[in-house]
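Order of the sequence lines sets the chain letters (A, B, ...), proteins ahead of strands, with each chain counted from 1.
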Amino acid sequence: MTDPQLHLGALDLVPKSGEKQTAKDFKTDQEVRWCPGCGDYAILAAVQGFLPELGLRRENIVFVSGIGCSSRFPYYMNTYGMHSIHGRAPAIATGLATSRPDLSVWVITGDGDGLSIGGNHLIHALRRNVNLKILLFNNRIYGLTKGQYSPTSELGKVTKSTPLGSLDYPFNPVSLALGAEASFVARTVDSDRRHLTSVLRAAAEHRGTAFVEIYQNCNIFNDGAFEAIKDPDTREDVTIRLEHGEPIRFGRPGAEKVVRRTAGGGVEVVDGTGPAAAEAVVFDAHAAEPMLAFALSRLADATGGYTPIGVFRDVVRPVYDDLMREQLERAEATSGPGELAELLTSGDTWRIG
Amino acid sequence: MTDPQLHLGALDLVPKSGEKQTAKDFKTDQEVRWCPGCGDYAILAAVQGFLPELGLRRENIVFVSGIGCSSRFPYYMNTYGMHSIHGRAPAIATGLATSRPDLSVWVITGDGDGLSIGGNHLIHALRRNVNLKILLFNNRIYGLTKGQYSPTSELGKVTKSTPLGSLDYPFNPVSLALGAEASFVARTVDSDRRHLTSVLRAAAEHRGTAFVEIYQNCNIFNDGAFEAIKDPDTREDVTIRLEHGEPIRFGRPGAEKVVRRTAGGGVEVVDGTGPAAAEAVVFDAHAAEPMLAFALSRLADATGGYTPIGVFRDVVRPVYDDLMREQLERAEATSGPGELAELLTSGDTWRIG
Amino acid sequence: MTKQVRQLDRVVIRFAGDSGDGMQLTGDRFTAETGAFGNDLSTLPDFPAEIRAPAGTLPGVSAFQLHFSDHEILTPGDAPDVLVAMNPAALKANVRDLRKGADIIVNTDEFTKRNLTKVGYAASPLDDGSLEEYRVHPVALTSMTITALAAYDIGKKDAGRAKNMFALGLLSWLYNRPTEGTLEFLAKKFAKQPEIAKGNVAAFQAGWSFGETTESFSVSYEVKPAVMRPGTYRNVSGNLALAYGLIAGSRLSGLPLFLGSYPITPASDILHELSRHKRFGVRTFQAEDEIAGIGAALGAAFGGALGVTTTSGPGVALKSETIGLAVSIELPLVICDIQRGGPSTGLPTKTEQSDLLQVMFGRNGEAPVPIVAPRSPADCFDAAIEAVRIATKYRTPVFVLSDGYLANGSEPWLLPDVGGLPDLRVEFTTAPNGPDGEFLPFRRDPETLARPWAVPGTPGLEHRIGGLEKADGTGNISYDPANHDTMVRLRAAKIDGIARDIPPLEVDDPSGRAGVLVLGWGSTYGPIGAAVRRIRDEGGAVAQAHLRHLHPFPTNTGEVLRRYDRVLVPEMNLGQLAMLLRARYLVDVITYNQVRGMPFQAAELAGVLRDVIDSD
Amino acid sequence: MTKQVRQLDRVVIRFAGDSGDGMQLTGDRFTAETGAFGNDLSTLPDFPAEIRAPAGTLPGVSAFQLHFSDHEILTPGDAPDVLVAMNPAALKANVRDLRKGADIIVNTDEFTKRNLTKVGYAASPLDDGSLEEYRVHPVALTSMTITALAAYDIGKKDAGRAKNMFALGLLSWLYNRPTEGTLEFLAKKFAKQPEIAKGNVAAFQAGWSFGETTESFSVSYEVKPAVMRPGTYRNVSGNLALAYGLIAGSRLSGLPLFLGSYPITPASDILHELSRHKRFGVRTFQAEDEIAGIGAALGAAFGGALGVTTTSGPGVALKSETIGLAVSIELPLVICDIQRGGPSTGLPTKTEQSDLLQVMFGRNGEAPVPIVAPRSPADCFDAAIEAVRIATKYRTPVFVLSDGYLANGSEPWLLPDVGGLPDLRVEFTTAPNGPDGEFLPFRRDPETLARPWAVPGTPGLEHRIGGLEKADGTGNISYDPANHDTMVRLRAAKIDGIARDIPPLEVDDPSGRAGVLVLGWGSTYGPIGAAVRRIRDEGGAVAQAHLRHLHPFPTNTGEVLRRYDRVLVPEMNLGQLAMLLRARYLVDVITYNQVRGMPFQAAELAGVLRDVIDSD
Ligand SMILES: Cc1ncc(C[n+]2csc(CCOP(=O)(O)OP(=O)(O)O)c2C)c(N)n1
Ligand SMILES: Cc1ncc(C[n+]2csc(CCOP(=O)(O)OP(=O)(O)O)c2C)c(N)n1
Ligand code: SF4
Ligand code: SF4
Ligand SMILES: [Mg+2]
Ligand SMILES: [Mg+2]
């Protein structure tokens, strides 16, 4: 195995821009065509507002998307971009990122694009750990095709294609990503600009594939899907904000809860005002194995329950494109650059005349 | 949501055969074309030896496979069968099982067929919980195409397509299945006929999708891939045999080890001869959430480590095809069977003449 | 005061507004009234690929065109006589399509400076004289609706939403449409919100009485019912008719319907419709992708179901490998391709005929598949039944090649007598067919060359099938060169043989003296027919023929082509049918192609026909 | 005793044995010796789809055929003159292909009762006279090999394994082949197991001296070197030449090669080969499936790499949606389809030409893609370079349409002078091209109609592309009907225009009095050429032309077709090129089709040609 260049920072190879940038620099002249009130607007604003922080050259940033309302995203970013075909963005971005280490490559996908038709490319990108940032806009519905249920819709969901309720049990995108060996997994919410930005920052700083699930409201076909964690009245009771190195506590003052281990080798949420407070598990996002991260992901289910948000996992692991680059460099270093004439004459040859 | 018929046994709807059956009843006249010494032979023998136990009518059993050495399996089973196309068997079997509750449907796939090209169909079948038994022959290599690395090959694997070693981090099929909401997940080994049979039995008794990873030796292109857990000298040291309701202990007499919880919310393997023995976690395959099962799956990695085998998870959950059947029955019960003439005249009509 | 009523023989109306203005619903209602009144009609919805582009923008404009008449018509009409424009964007996007002197009803409330500039109007077209070629009727639709609803406890915003009902009321008065249907409809639709229901009814009635009283409309119009064949009618869109046809096919064949599908415009509505008919034993499976959709349908077919998958062009591309498997294992399967603008994602909500060669050839190896194409919305019903017939009788996948125009367009449908539909009952094989009492899954019917269909659960017929080449008869894996050649030719002969089992190509040539034949397929039937009429009304002679079966072709096709001096083949592609005809019959057909995402216009085709007829 | 040496002008040898017997290796070695000796040659491996079907069974037989001569030859030969049969199965599977009087060398050690019955021989064919038409040479290959290796510390089992080297030694003696190459090869191959190396050498030499001494062979043969154009040669298979051609294309264009691929027979070896040339900057990505393979290649192309994907028919089917995207966004991409027997999984290890119409039409919408087809193993090198040229110059995906016969077959390759290869350097766009200093990603080169290729990292040219229809010039999303029609025609015109940039179709008609033209494409070049020679040697006249470009066709194609009374188009499919020619040129070409998974035989084609020539 070649040295995985674990020393490389996420963006070390991407040229920086001298000038100072603002959100405006990342806006295009294209009319944004999402429905008024769509959660996608908030995410777009957050991304445009965050990118200047990285100070990268705009021309070295690429957004690749599939198909869906969410996948229209690249048209509104004044960077390079590709609005590709349904579900294939992770594969396309893999080729781009693997051949161009000087680019910051972002994938924009939806719960249908990324988890239905594109599920396989997604899980393979995660295990390969290509240097990609994948933002999955999860509105638990197919927006662009006018409201069929998606792989993240709750069981029994009544939609155009399921008048008597959907029958299939939904994916938990965080559980799936962790099961697929993702080196970085996070969840955030469209309406919480500060949290969303902090997660984008962590993802950008991670070298390798970063998977970010963003709860996004589709006010036309699935309005209020995430009300519980958005409604000021309930939000604090159900939202678990994960902070690396901190004991896992949440809830309103006086109604705190903590997450502690169970005898069965899992974790559970218990009243945190009493003695149990001391038993709170200390969260480690960098744990070599995502045992706790996975257990925490199970506290949330598609129909509500508790919802941990933040960075579930963030570990350093050899990056696919770094490893490939090294194999190429090593090959050239050891045997010299390829010579075409020499290549053709390799193997048994003979001369005539 | 309709009543999920949780009372139904796995094979309640499949007609039983009066006669008593033997392995011979399940053999075909087709010449078996695997390489001499291939692990597939042992699995074929085990399946043919086990099926008579179920006492089902042969004609109500169907084996569906994709493409690969492993996927030749159906040709050798004297039941109905389809050798389909690469990676699609879970999808094809889903249609068959969903429309024919009177069949016992088995999917045969490989690590390439099921986890590479077919990964998406696999994880969706698992979350839907269709009444299917999926046997994944994992030899950590592409056999039929003559030896390229697969999604389960260890990092750095030198193969025809990776002369300097593979660069992508492998899947752990059990972790992936658990992350994909599988209701039944198990692992076993081609060479351990007794264990293999016990796992087949458990899978057959599970109503819903049962996922079984079978470590299978490809003696031509990846010989000895599972030596550590097969070699009598080492096998007891590394193999963790999971038994529901039992504390997790393993290892040779005098060198016992146990699995216990860690402060970080995970599990670890420690010396079981000392005081730690008492801390062994009691294994619960029926736990509502697969927190422990997932943690255990992390003890194994593609390059060895400890290897838990047996049933990781076995929970009762509504089955996709049962739910669909119920929706149909309910619709007919409430509004009567469909009448074509009535259907055509539904909506606004008018008469002329 | 009662106003004068003027007689018209036909009218083309286009409703246009924001995606949120409910124009499709308004059009549907007007269409229902018009059908019930007994006119012949044809409709064409036209909406953007976005769900709701921001209000008042050009990309956000959604339109619905309706053509109705006192005689039989074939198209939604070329140039509208009336445009209802709910805002400046709607006006700008549609005005150029109108015929001179057309009526334009505009919602003046939306003609604000802001909205005007949003679409690049410097001055208001209502004032700057740019519309003088038309009769403009400025109506304060929104505000009048709000006033009309003042009585009800409905918020101003919701009240304003009812403006489409006001417009509908006005148009219903203007064309003397019956109103019961709409009143019932509103009562049903808003049963759970009685207040809203009342409000919409009030808006509708306000629109009607505004028509009666306003100066702006001096006359109202009447279009007498058309003389149509007696029977029960309903208005039907192509996707609805297709869904009904599949259910009928299931009933007639006695096979339970299993749909494996993945949503895609413009095919999704078939999935939606079929999912509502569970009491017909219809199973709808929304798959994780197109490949799983067809895979599941094929698996169900192996189990004895009527396997169906529905999609559009990009989905067909993804399904092609599995279609090859279906060809190889010879199981019945119905594949519906509702064509849209391509290539790639293309123009998802627009119509096109550019998948013909894909469905004909888009698979590895020699993998022939029959193709059936409906010609009108209602015809989708019959096309679906025909596809089921061929698929089940010949044990083969079959394509139904519809398109976005048929899918969303609608027309009155003379409901068939269910008893008169063909008997498609299927006999599964239940006993061994081999000389030595064994079962030979690939021993063919000598006449149809179809192989036996023995489903799991049948004792004694256990067998395995797959995509590797199979030995003739036994179906065992065979790498024998001669056997492969035989099997490839047998599969081809089976499909070619279907030609003997379909009706000959009919030619409509009343005068019998036509030198020019116009030959089409699919949704161009309406525009071509309308163009042919114009020629004949002018005293010209032209023959028309339309292909329902695109593979194989009817046996007399070559003879028909050669019968005429010139053959014109108009297509909404770059000449795909033309290329198949030229290759097969070596006839130098004349092509006329448009790839605009829109159906042909009758006038335009008539012009082309004239040129071809005169070109000698 | 020194034996008599007889002169021959050509010999066809077939080595046949179990999949485990190393016949492919034996054949490769004999081929290498033969090339080095200076003969012209052509080879055809033929192995089963299974890895190692059980020993001694018919499905397990693997064969390698070699044709070598003292003059230029074009095919691996029809009927072998010599068969080496390592066991009864190998004899049974191959004997029917031999010419009468052929030599058969059998390994008698394997002719046991058990092995004979395993393949259905009641009695041993060596004794029952069933082989009397041939000259049978019974040789105890295994046991003599074991004896020969007794001296070395090698287990009996491993010793027996060297029997293929014994056979190679014997044949090398029989045809007076040089031996250095093989000795070096063995030394290298078993460098880590010197004992095994020695053993194999010993077996090889034992075989040689057995030939010298045994009664069974009274004469040995000599085939003089062929007169070939001077230069450096190597033996090359089509897949190897294709891989080299892609690397060359990368060097000549100055673009780093990125291969996104998923293993599939018979294309996998290209992936294997390219993965070995990392020092050429070649990135090989083994994807999770075909769709990801081409997707990654397209992503790399967006980044300025030479994107390539390699596959076979079933993989092309899966890639078709992505190919449509590449057509729509107009990026260079090379797609190699190594055709195999279809439909579906078909005959994975056999050859066929049945993907032509799939690659031509297998996409939704109007999505034209150029097609280049190599005619011989070595020609794959040039075809790959030509594909790179067209893809990069016209910003389009391009198909290289090879097949299993070219892929695994081999021939001597006169190595090109690297300096003489075409300059394909690509200029990326680095400055705005719009009237107002903006960048217009779809503003085309007026001559080629290619759009600018501006890669990420280029300041000021940030832009977005996608699969929705794009406005001419700006590339912004456009649903405008007229624009769509324009773009569809522009994309088509760009590809059609390539015809101006390719050489005319060359016709070989030495006599100038031929009335019949035989037109082919791809791997049929060899057999057709050999058949044409036979006709001419008989004094007959026939013209031959072979298409390298299948889309677009060379501009003079129609003229060439019309120049002859009759045109014969032989294809290993049911007439796919014929149908394209008929459609385009309305010429009634005569088809001759075989779908046997095997290349045509020269004798057979010559017969067909005679009939066509005499048919009037
Ligand atoms: C190959 C293909 N299949 C299906 C479609 C239709 N389609 C477009 S977007 C979409 C799903 C979108 O859902 P999601 O990814 O959740 O995006 P959202 O619109 O909800 O943001 C589907 C099924 C397509 N464009 N291409
Ligand atoms: C669409 C398609 N792509 C690729 C192939 C080639 N192929 C056949 S089997 C296989 C992989 C087999 O690996 P695995 O599933 O692990 O089965 P094994 O042979 O190891 O049992 C591949 C790539 C194919 N047959 N079809
Ligand atoms: S449909 Fe839903 S997701 Fe799509 S733009 Fe509208 S609100 Fe957003
Ligand atoms: S190649 Fe490997 S997996 Fe395939 S049959 Fe041979 S031993 Fe078994
Ligand atoms: Mg969504
Ligand atoms: Mg494998």
Kindly give the heavy-atom pair with the smallest separation between [X] and [Y], and that separation in Å.
{"X": "D:R234", "Y": "A:T349", "value": "CB-CG2, 3.9 Å"}
{"X": "A:R325", "Y": "D:R283", "value": "CG-NH2, 3.7 Å"}
{"X": "D:G299", "Y": "A:L96", "value": "O-CD1, 3.4 Å"}
{"X": "A:E59", "Y": "D:P459", "value": "OE2-CB, 3.4 Å"}
{"X": "A:V62", "Y": "D:P456", "value": "CG2-CB, 3.7 Å"}
{"X": "D:G38", "Y": "A:I352", "value": "CA-CD1, 4.4 Å"}

- D:L421/A:L340 under side chain to side chain contact (heavy atoms under 4.5 Å, CB included): CA gap, chis, key distance, verdict: CA-CA 11 Å; D:L421 295 173; A:L340 204 49; 4.2 Å; yes
[atom1] of [X] to [atom2] of [Y]: how many Å apart, nearest 0.5 Å?
{"X": "A:S84", "Y": "D:E321", "atom1": "OG", "atom2": "CD", "value": "9.0 Å"}
{"X": "A:S346", "Y": "D:Y244", "atom1": "OG", "atom2": "OH", "value": "3.5 Å"}
{"X": "A:Q30", "Y": "D:T474", "atom1": "CD", "atom2": "OG1", "value": "7.5 Å"}
{"X": "A:E339", "Y": "D:R279", "atom1": "CD", "atom2": "CZ", "value": "8.0 Å"}
{"X": "A:R33", "Y": "D:I477", "atom1": "CZ", "atom2": "CD1", "value": "5.5 Å"}
{"X": "A:D348", "Y": "D:E184", "atom1": "CG", "atom2": "CD", "value": "8.0 Å"}

Portion of [X] that has a non-hydrogen atom of chain D nearer than 4.5 angstrom:
{"X": "A:D102", "answer": "neither"}
{"X": "A:F63", "answer": "neither"}
{"X": "A:L328", "answer": "both"}
{"X": "A:M324", "answer": "side chain"}
{"X": "A:H124", "answer": "side chain"}
{"X": "A:T79", "answer": "backbone"}
{"X": "A:R58", "answer": "both"}
{"X": "A:E342", "answer": "side chain"}
{"X": "A:A93", "answer": "neither"}
{"X": "A:R127", "answer": "neither"}
{"X": "A:T28", "answer": "side chain"}
{"X": "A:T334", "answer": "neither"}

- Message: Suppose we screen for ring-ring contact (aromatic ring centres under 6.0 Å, His included). Which residues come up paired with A:Y75, at least two apart in sequence or across chains?
- Response: A:H83
- Should D:F285 and A:T98 be marked as a side chain to side chain contact (heavy atoms under 4.5 Å, CB included) after you check the CA-CA gap, both sets of side-chain angles, and the distance that decides it? CA-CA 9 Å; D:F285 169 63; A:T98 302; 5.7 Å; no
- Item | Side-chain donor or acceptor of A:W350 paired with backbone N/O of D:G35 under 3.5 Å | yes
- So, does A:R88 use its side chain to make a donor-acceptor pair with the main chain of D:G295 at under 3.5 Å? no
For the interface with chain A, which of [options] has the highest count of heavy-atom pairs at distances below 4.5 Å?
{"options": "D:L468, D:L415, D:T458", "value": "D:T458"}
{"options": "D:G460, D:G231, D:A36", "value": "D:G231"}
{"options": "D:A248, D:G467, D:P225", "value": "D:A248"}

- Task: Could you tell me which residues in residues 250-260 of chain D have at least one non-hydrogen atom under 4.5 Å from a non-hydrogen atom of chain A, sorted by residue number?
- Result: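 Contacts with chain A: D:R251, D:F258.
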- Which one, A:G87, A:A91, A:A89, leads in non-hydrogen pairs under 4.5 Å with chain D?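 Option with the top pair count is A:A91.
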- Task: Could you have a look at A:R57, A:E332, A:R128 and say which one has the most heavy-atom pairs with chain D under 4.5 angstrom?
- Result: A:R128
Just wondering, do [Y] and [X] contact through their side chains at under 4.5 Å, heavy atoms?
{"X": "D:E462", "Y": "A:I61", "result": "no"}
{"X": "D:F280", "Y": "A:L343", "result": "yes"}
{"X": "A:V64", "Y": "D:F302", "result": "no"}
{"X": "D:K278", "Y": "A:E329", "result": "no"}
{"X": "A:I92", "Y": "D:L325", "result": "yes"}
{"X": "D:R464", "Y": "A:N78", "result": "yes"}

Proximal component of [X], with respect to chain A [non-hydrogen, under 4.5 Å]:
{"X": "D:T322", "value": "both"}
{"X": "D:F37", "value": "neither"}
{"X": "D:V282", "value": "backbone"}
{"X": "D:I465", "value": "both"}
{"X": "D:L414", "value": "neither"}
{"X": "D:D289", "value": "side chain"}
{"X": "D:I329", "value": "side chain"}

- For the residue pair D:H463 and A:Y80, categorise the inter-ring angle as parallel (less than 30°), tilted (30 to 60°) or perpendicular (more than 60°). perpendicular
- Evaluate whether atom NZ of D:K188 has more than 12 neighbouring non-hydrogen atoms of other residues, nucleotides or ligands under 6.0 angstrom away.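 No, the 6.0 Å shell around NZ holds no more than 12 heavy atoms from other groups.
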